[in-house]
Protein chains: 2
Amino acid sequence: MPKRTRQKEAILRVLKSTTSHPTADWIYSDVRKEIPNISLGTVYRNLKLLWQSGEISEMDFSGTFSRFDGNPDNHYHFRCERCGRVFDVDEPVNKETDDRVAQKTGFKIFYHRLEFRGLCRECQESREVRTK
Amino acid sequence: MPKRTRQKEAILRVLKSTTSHPTADWIYSDVRKEIPNISLGTVYRNLKLLWQSGEISEMDFSGTFSRFDGNPDNHYHFRCERCGRVFDVDEPVNKETDDRVAQKTGFKIFYHRLEFRGLCRECQESREVRTK
DNA sequence: CATTTATTAGTAATAGTTATCGTTACTTGT
DNA sequence: ACAAGTAACGATAACTATTACTAATAAATG
(Lines give C-alpha, C1' and ligand atoms only; values in the text may rest on other atoms or scores of the structure.)
Protein backbone atom coordinates (compact mmCIF):
# COMPACT_ATOMS: atom_id res chain seq x y z
CA MET A 1 0.00 0.00 0.00
CA PRO A 2 1.40 3.38 -1.00
CA LYS A 3 2.22 5.97 1.61
CA ARG A 4 1.44 9.65 1.45
CA THR A 5 4.62 11.61 1.95
CA ARG A 6 5.54 15.25 1.98
CA GLN A 7 7.57 14.82 -1.19
CA LYS A 8 4.81 13.13 -3.14
CA GLU A 9 2.25 15.74 -2.12
CA ALA A 10 4.57 18.57 -3.11
CA ILE A 11 5.24 17.02 -6.51
CA LEU A 12 1.56 16.51 -7.15
CA ARG A 13 0.76 20.04 -6.02
CA VAL A 14 3.35 21.53 -8.39
CA LEU A 15 2.00 19.48 -11.24
CA LYS A 16 -1.61 20.38 -10.56
CA SER A 17 -0.82 24.07 -10.34
CA THR A 18 0.52 24.51 -13.85
CA THR A 19 -0.59 23.80 -17.39
CA SER A 20 2.91 24.02 -18.79
CA HIS A 21 3.55 20.28 -19.06
CA PRO A 22 6.82 20.48 -17.21
CA THR A 23 9.77 18.14 -17.50
CA ALA A 24 10.97 16.07 -14.56
CA ASP A 25 13.85 18.46 -14.13
CA TRP A 26 11.61 21.51 -14.01
CA ILE A 27 9.45 19.83 -11.38
CA TYR A 28 12.59 18.98 -9.45
CA SER A 29 13.81 22.55 -9.28
CA ASP A 30 10.36 23.86 -8.41
CA VAL A 31 9.83 21.39 -5.58
CA ARG A 32 13.29 22.22 -4.27
CA LYS A 33 12.02 25.67 -3.31
CA GLU A 34 9.91 23.88 -0.73
CA ILE A 35 12.06 20.83 0.03
CA PRO A 36 15.59 21.94 -0.77
CA ASN A 37 17.27 18.59 -0.24
CA ILE A 38 14.80 16.46 -2.20
CA SER A 39 16.50 14.05 -4.55
CA LEU A 40 15.95 13.92 -8.28
CA GLY A 41 15.45 10.20 -7.97
CA THR A 42 12.57 10.86 -5.60
CA VAL A 43 10.94 13.05 -8.21
CA TYR A 44 11.21 10.36 -10.86
CA ARG A 45 10.03 7.67 -8.48
CA ASN A 46 6.98 9.63 -7.47
CA LEU A 47 6.12 10.66 -11.00
CA LYS A 48 6.03 7.00 -11.88
CA LEU A 49 3.94 6.17 -8.83
CA LEU A 50 1.51 8.98 -9.54
CA TRP A 51 1.22 7.86 -13.12
CA GLN A 52 0.61 4.26 -12.09
CA SER A 53 -2.19 5.33 -9.80
CA GLY A 54 -3.71 7.41 -12.60
CA GLU A 55 -3.34 10.78 -10.89
CA ILE A 56 -1.22 12.27 -13.65
CA SER A 57 -0.41 11.49 -17.24
CA GLU A 58 2.85 11.34 -19.07
CA MET A 59 3.53 12.59 -22.55
CA ASP A 60 6.23 11.80 -25.04
CA PHE A 61 5.19 8.35 -24.91
CA SER A 62 7.23 5.25 -24.65
CA GLY A 63 10.21 6.60 -22.96
CA THR A 64 13.73 6.53 -24.02
CA PHE A 65 14.24 5.72 -27.64
CA SER A 66 13.00 6.94 -30.96
CA ARG A 67 11.44 4.84 -33.63
CA PHE A 68 11.74 5.54 -37.30
CA ASP A 69 9.35 5.06 -40.15
CA GLY A 70 10.32 4.59 -43.78
CA ASN A 71 7.06 6.18 -44.81
CA PRO A 72 7.42 9.95 -44.61
CA ASP A 73 3.74 10.69 -45.30
CA ASN A 74 1.60 11.54 -42.35
CA HIS A 75 -0.29 8.50 -41.11
CA TYR A 76 -1.55 7.11 -37.84
CA HIS A 77 -0.19 4.49 -35.51
CA PHE A 78 -1.33 1.99 -32.94
CA ARG A 79 0.95 1.09 -30.09
CA CYS A 80 0.45 -1.99 -27.94
CA GLU A 81 0.84 -1.08 -24.28
CA ARG A 82 2.02 -4.54 -23.39
CA CYS A 83 4.55 -5.58 -26.01
CA GLY A 84 5.39 -2.08 -27.22
CA ARG A 85 5.05 -2.85 -30.90
CA VAL A 86 3.85 -0.16 -33.27
CA PHE A 87 1.54 -0.77 -36.19
CA ASP A 88 0.38 1.46 -39.00
CA VAL A 89 -3.30 2.32 -38.97
CA ASP A 90 -5.01 2.67 -42.30
CA GLU A 91 -7.31 5.55 -41.54
CA PRO A 92 -7.65 8.75 -43.58
CA VAL A 93 -5.87 11.77 -42.14
CA ASN A 94 -8.32 14.41 -41.05
CA LYS A 95 -7.02 17.83 -42.05
CA GLU A 96 -10.18 19.76 -41.19
CA THR A 97 -9.53 19.45 -37.49
CA ASP A 98 -6.17 21.16 -37.96
CA ASP A 99 -7.91 24.13 -39.54
CA ARG A 100 -10.58 24.35 -36.87
CA VAL A 101 -8.06 24.21 -34.03
CA ALA A 102 -5.81 26.72 -35.78
CA GLN A 103 -8.75 29.08 -36.10
CA LYS A 104 -9.66 28.72 -32.44
CA THR A 105 -6.16 29.01 -31.01
CA GLY A 106 -4.19 31.23 -33.34
CA PHE A 107 -1.50 28.58 -33.72
CA LYS A 108 -0.17 27.77 -37.15
CA ILE A 109 -0.69 24.03 -37.52
CA PHE A 110 1.38 22.03 -39.97
CA TYR A 111 0.08 18.57 -39.18
CA HIS A 112 -0.91 16.33 -36.31
CA ARG A 113 0.13 13.04 -34.83
CA LEU A 114 -2.44 10.51 -33.76
CA GLU A 115 -1.58 7.36 -31.87
CA PHE A 116 -4.04 4.77 -30.64
CA ARG A 117 -3.16 2.83 -27.51
CA GLY A 118 -4.31 -0.53 -26.32
CA LEU A 119 -3.60 -4.23 -26.78
CA CYS A 120 -2.68 -5.91 -30.03
CA ARG A 121 -4.34 -9.17 -30.93
CA GLU A 122 -1.55 -11.35 -29.54
CA CYS A 123 -1.53 -9.54 -26.20
CA GLN A 124 -5.28 -9.46 -25.61
CA GLU A 125 -5.35 -12.82 -23.84
CA SER A 126 -3.15 -12.17 -20.85
CA ARG A 127 -3.74 -8.64 -19.71
CA GLU A 128 -1.48 -7.19 -17.04
CA VAL A 129 -0.92 -4.07 -15.04
CA ARG A 130 0.71 -1.39 -17.09
CA THR A 131 4.35 -1.10 -16.16
CA LYS A 132 5.75 1.61 -18.39
CA MET B 1 25.58 19.25 -51.09
CA PRO B 2 24.84 15.83 -49.60
CA LYS B 3 26.63 12.73 -50.87
CA ARG B 4 25.11 9.37 -51.58
CA THR B 5 27.04 6.78 -49.63
CA ARG B 6 26.80 3.05 -49.29
CA GLN B 7 25.88 3.44 -45.63
CA LYS B 8 23.08 5.90 -46.25
CA GLU B 9 21.59 3.78 -49.00
CA ALA B 10 21.70 0.67 -46.86
CA ILE B 11 19.98 2.42 -43.96
CA LEU B 12 17.27 3.76 -46.22
CA ARG B 13 16.78 0.36 -47.82
CA VAL B 14 16.36 -1.33 -44.45
CA LEU B 15 13.88 1.28 -43.36
CA LYS B 16 11.85 1.08 -46.55
CA SER B 17 11.68 -2.70 -46.39
CA THR B 18 9.87 -2.98 -43.07
CA THR B 19 6.73 -1.65 -41.45
CA SER B 20 7.91 -2.43 -37.96
CA HIS B 21 8.98 1.11 -37.01
CA PRO B 22 12.40 0.04 -35.85
CA THR B 23 14.64 1.74 -33.33
CA ALA B 24 18.02 3.14 -34.27
CA ASP B 25 19.64 0.17 -32.63
CA TRP B 26 17.59 -2.33 -34.58
CA ILE B 27 18.50 -0.59 -37.82
CA TYR B 28 22.11 -0.66 -36.74
CA SER B 29 22.22 -4.41 -36.24
CA ASP B 30 20.33 -5.06 -39.44
CA VAL B 31 22.63 -2.89 -41.56
CA ARG B 32 25.61 -4.58 -39.95
CA LYS B 33 24.73 -7.76 -41.80
CA GLU B 34 25.67 -5.90 -44.93
CA ILE B 35 28.30 -3.49 -43.62
CA PRO B 36 29.74 -5.20 -40.55
CA ASN B 37 31.93 -2.36 -39.40
CA ILE B 38 29.41 0.46 -39.75
CA SER B 39 29.34 2.72 -36.75
CA LEU B 40 26.27 3.40 -34.64
CA GLY B 41 27.01 7.08 -34.93
CA THR B 42 26.77 6.77 -38.69
CA VAL B 43 23.31 5.30 -38.34
CA TYR B 44 22.16 8.18 -36.14
CA ARG B 45 23.75 10.77 -38.40
CA ASN B 46 22.08 9.37 -41.50
CA LEU B 47 18.72 8.97 -39.84
CA LYS B 48 18.85 12.65 -39.05
CA LEU B 49 19.92 13.52 -42.58
CA LEU B 50 17.18 11.37 -44.09
CA TRP B 51 14.64 12.95 -41.82
CA GLN B 52 15.82 16.45 -42.69
CA SER B 53 15.45 15.70 -46.38
CA GLY B 54 11.95 14.35 -45.76
CA GLU B 55 12.66 10.79 -46.87
CA ILE B 56 11.67 9.23 -43.57
CA SER B 57 9.74 10.27 -40.50
CA GLU B 58 10.52 9.95 -36.85
CA MET B 59 8.14 9.01 -34.11
CA ASP B 60 8.26 9.52 -30.39
CA PHE B 61 8.47 13.07 -30.93
CA SER B 62 10.67 15.65 -29.48
CA GLY B 63 13.57 13.72 -28.30
CA THR B 64 15.03 13.01 -25.02
CA PHE B 65 12.89 13.89 -22.08
CA SER B 66 9.38 13.25 -20.89
CA ARG B 67 6.86 15.84 -19.97
CA PHE B 68 4.21 15.38 -17.35
CA ASP B 69 0.66 16.58 -17.12
CA GLY B 70 -1.26 17.10 -13.91
CA ASN B 71 -4.48 16.41 -15.74
CA PRO B 72 -4.91 12.65 -16.05
CA ASP B 73 -7.98 12.89 -18.29
CA ASN B 74 -7.41 12.31 -21.95
CA HIS B 75 -7.06 15.58 -23.81
CA TYR B 76 -5.17 16.91 -26.80
CA HIS B 77 -1.99 18.93 -27.10
CA PHE B 78 -0.29 21.36 -29.40
CA ARG B 79 3.48 21.44 -29.58
CA CYS B 80 5.40 24.34 -31.05
CA GLU B 81 8.14 23.02 -33.31
CA ARG B 82 10.30 26.04 -32.71
CA CYS B 83 10.24 26.75 -28.97
CA GLY B 84 9.13 23.27 -27.92
CA ARG B 85 6.38 24.45 -25.61
CA VAL B 86 3.29 22.32 -25.17
CA PHE B 87 -0.22 23.70 -24.84
CA ASP B 88 -3.52 22.06 -24.03
CA VAL B 89 -6.06 22.05 -26.81
CA ASP B 90 -9.69 22.44 -25.86
CA GLU B 91 -11.24 20.07 -28.34
CA PRO B 92 -13.67 17.24 -27.56
CA VAL B 93 -12.15 13.78 -27.52
CA ASN B 94 -13.51 11.67 -30.34
CA LYS B 95 -14.17 8.17 -29.03
CA GLU B 96 -16.01 6.92 -32.11
CA THR B 97 -12.80 6.70 -34.09
CA ASP B 98 -11.37 4.34 -31.48
CA ASP B 99 -14.31 2.02 -31.97
CA ARG B 100 -14.11 2.12 -35.75
CA VAL B 101 -10.37 1.41 -35.79
CA ALA B 102 -10.78 -1.35 -33.21
CA GLN B 103 -13.43 -2.95 -35.37
CA LYS B 104 -11.25 -2.77 -38.47
CA THR B 105 -8.01 -3.97 -36.88
CA GLY B 106 -8.96 -6.33 -34.07
CA PHE B 107 -6.91 -4.30 -31.60
CA LYS B 108 -8.38 -3.46 -28.23
CA ILE B 109 -8.15 0.31 -28.03
CA PHE B 110 -8.17 2.05 -24.66
CA TYR B 111 -7.65 5.61 -25.84
CA HIS B 112 -5.68 7.70 -28.28
CA ARG B 113 -3.18 10.50 -28.19
CA LEU B 114 -3.48 13.42 -30.54
CA GLU B 115 -0.84 16.09 -30.86
CA PHE B 116 -0.94 19.05 -33.23
CA ARG B 117 2.35 20.41 -34.48
CA GLY B 118 3.21 23.84 -35.78
CA LEU B 119 4.13 27.30 -34.57
CA CYS B 120 2.72 29.03 -31.52
CA ARG B 121 1.71 32.66 -31.78
CA GLU B 122 5.02 34.02 -30.47
CA CYS B 123 7.06 31.94 -32.90
CA GLN B 124 5.07 32.63 -36.04
CA GLU B 125 7.07 35.71 -36.97
CA SER B 126 10.54 34.30 -37.44
CA ARG B 127 10.18 30.91 -38.99
CA GLU B 128 13.25 28.76 -39.36
CA VAL B 129 14.40 25.44 -40.73
CA ARG B 130 13.45 22.60 -38.48
CA THR B 131 16.50 21.41 -36.63
CA LYS B 132 15.27 18.69 -34.32
C1' DC C 1 43.36 12.39 -62.17
C1' DA C 2 43.81 15.70 -58.58
C1' DT C 3 41.21 18.60 -55.42
C1' DT C 4 37.62 19.43 -52.44
C1' DT C 5 34.76 18.28 -48.88
C1' DA C 6 31.01 15.47 -46.99
C1' DT C 7 31.07 11.25 -44.62
C1' DT C 8 33.10 7.51 -42.06
C1' DA C 9 34.68 4.46 -37.99
C1' DG C 10 35.93 4.67 -33.56
C1' DT C 11 35.66 6.56 -29.30
C1' DA C 12 34.60 9.83 -25.71
C1' DA C 13 31.17 12.70 -23.78
C1' DT C 14 26.40 14.08 -22.61
C1' DA C 15 21.77 13.76 -20.81
C1' DG C 16 17.75 11.70 -19.10
C1' DT C 17 16.40 8.10 -16.39
C1' DT C 18 16.69 4.06 -13.35
C1' DA C 19 18.81 1.04 -9.82
C1' DT C 20 21.09 0.40 -5.44
C1' DC C 21 21.55 0.83 -0.59
C1' DG C 22 21.68 2.13 4.05
C1' DT C 23 18.62 5.24 6.62
C1' DT C 24 14.21 7.56 7.72
C1' DA C 25 9.44 8.05 8.67
C1' DC C 26 4.58 6.83 7.53
C1' DT C 27 1.15 3.30 8.80
C1' DT C 28 -1.01 -0.36 11.21
C1' DG C 29 -2.05 -3.39 15.12
C1' DT C 30 -1.85 -4.22 19.78
C1' DA D 1 1.04 5.45 22.68
C1' DC D 2 4.47 2.29 21.28
C1' DA D 3 6.63 -1.18 18.49
C1' DA D 4 7.10 -3.56 14.24
C1' DG D 5 6.96 -3.67 9.50
C1' DT D 6 7.78 -1.61 5.31
C1' DA D 7 7.25 2.06 1.78
C1' DA D 8 9.79 5.93 0.69
C1' DC D 9 13.84 8.77 1.36
C1' DG D 10 18.61 11.05 -0.13
C1' DA D 11 22.86 10.20 -2.19
C1' DT D 12 25.22 8.28 -5.62
C1' DA D 13 26.46 4.97 -9.11
C1' DA D 14 24.99 2.71 -13.21
C1' DC D 15 22.64 2.48 -17.45
C1' DT D 16 21.03 3.72 -22.09
C1' DA D 17 20.03 6.43 -26.02
C1' DT D 18 22.04 9.93 -28.42
C1' DT D 19 25.45 13.38 -29.87
C1' DA D 20 30.14 15.38 -30.39
C1' DC D 21 34.87 14.92 -31.73
C1' DT D 22 38.79 13.58 -34.74
C1' DA D 23 41.87 11.81 -38.03
C1' DA D 24 41.17 8.98 -42.09
C1' DT D 25 38.38 7.80 -46.19
C1' DA D 26 35.76 8.13 -50.30
C1' DA D 27 32.15 10.58 -53.07
C1' DA D 28 31.67 14.39 -56.25
C1' DT D 29 33.52 17.99 -59.29
C1' DG D 30 36.14 20.01 -62.88
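A note on names: the letters A, B, ... follow the listed sequences, proteins ahead of strands, and every chain is numbered from 1.
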Between B/Trp26 and B/Val14, is the side chain to side chain contact (heavy atoms under 4.5 Å, CB included) condition met? List the steps. CA-CA 10 Å; B/Trp26 189 93; B/Val14 165; 3.9 Å; yes
Using a heavy-atom distance cut-off of less than 4.0 Å, which residues of residues 32-46 of chain A contact DNA chain D? A/Asn37, A/Ile38, A/Ser39, A/Thr42, A/Arg45, A/Asn46
Rounded to whole angstroms, how far apart are CG on A/Leu47 and C1' on C/dA19? 17 Å
Go through the steps for B/Cys120 and B/Arg85 under the test side chain to side chain contact (heavy atoms under 4.5 Å, CB included), then give the verdict. CA-CA 8 Å; B/Cys120 72; B/Arg85 279 188 294 175; 3.7 Å; yes
For atom CG of A/Asp90, is the number of surrounding heavy atoms from other residues, nucleotides or ligands below 6.0 Å larger than 12? no
Using five pairs at each end of the helix from C/dC1-D/dG30 to C/dT30-D/dA1 to define an axis, what is the angle between those two axes, to 10°? 50°
Short heteroatom pairs, N/O only, protein and nucleotides 2-4 of chain C, under 3.5 Å:
none

Heavy-atom side-chain contact between A/Ile109 and A/Thr97 under 4.5 Å: no
Pairwise side-chain contact, A/Arg45 with A/Lys48, heavy-atom cut-off 4.5 Å (strictly under): no
Once you round it to whole Å, what is the distance between P of D/dA8 and CG of A/Leu50? 10 Å
To the nearest Å, how far apart are B/Trp26 CH2 and D/dA17 C1'? 18 Å
Any side-chain heavy atom of A/Leu40 within less than 4.5 Å of one from A/Thr42? no
Just wondering, do B/Arg100 and B/Gln103 contact through their side chains at under 4.5 Å, heavy atoms? no
Any side-chain heavy atom of B/Leu15 within less than 4.5 Å of one from B/Leu47? yes
Would you mind checking if B/Arg113 and A/Glu115 are paired as a salt bridge, meaning a charged N to carboxylate O distance below 4.0 Å? no
Please report, rounded to the nearest Å, how far the P atom of D/dT18 is from the CG atom of B/Leu49. 16 Å
With nearest nucleotide decided by heavy atoms, which residue, B/Pro2 or B/Asp25, maps closer to the 5′ end of DNA chain D? B/Asp25
Can you tell me how far P of C/dT18 sits from OH of A/Tyr28, to the nearest Å? 16 Å
Return the residues of residues 7-14 of chain A meeting this criterion: a heavy atom under 4.0 Å from some atom of DNA chain D. Order them by number, or give none. A/Gln7, A/Lys8
Sequence neighbours left out, what passes side chain to side chain contact (heavy atoms under 4.5 Å, CB included) with B/Lys16? Give chain and number order. A/Pro72, B/Leu12
Does a nitrogen or oxygen in the side chain of A/Thr23 sit under 4.0 Å from OP1 or OP2 of C/dG16? no
Without decimals, in angstroms, what is the distance between B/Arg6 CZ and D/dA28 P? 14 Å
Distance-minimising heavy-atom pair for A/Ala24 and A/Val43: O-CG1, 3.9 Å
Is there any ring-ring contact (aromatic ring centres under 6.0 Å, His included) pair reaching into residues 69-101 of chain B, and which pairs are they, with sequence neighbours excluded? A/His21-B/His77, A/Phe107-B/Phe78, A/Phe107-B/Phe87, B/His75-B/His77, B/Tyr76-B/His112
B/Asn46 side, atom CG; B/Glu55 side, atom CD - distance, nearest 0.5 Å: 10.5 Å
Take atom CH2 of A/Trp51 and atom P of C/dT18, then tell me their distance rounded to the nearest Å. 10 Å
Could you check B/Met1 against B/Ala24 and say which one's nearest nucleotide on DNA chain D is further toward the 5' end? B/Ala24
Would you sort out whether A/Ile27 and A/Asp25 count as a side chain to side chain contact (heavy atoms under 4.5 Å, CB included), showing the intermediate values? CA-CA 5 Å; A/Ile27 295 166; A/Asp25 208 64; over 6 Å; no
Within the pair B/Thr5 and C/dT8, is there a side-chain N or O less than 4.0 Å away from OP1 or OP2? yes
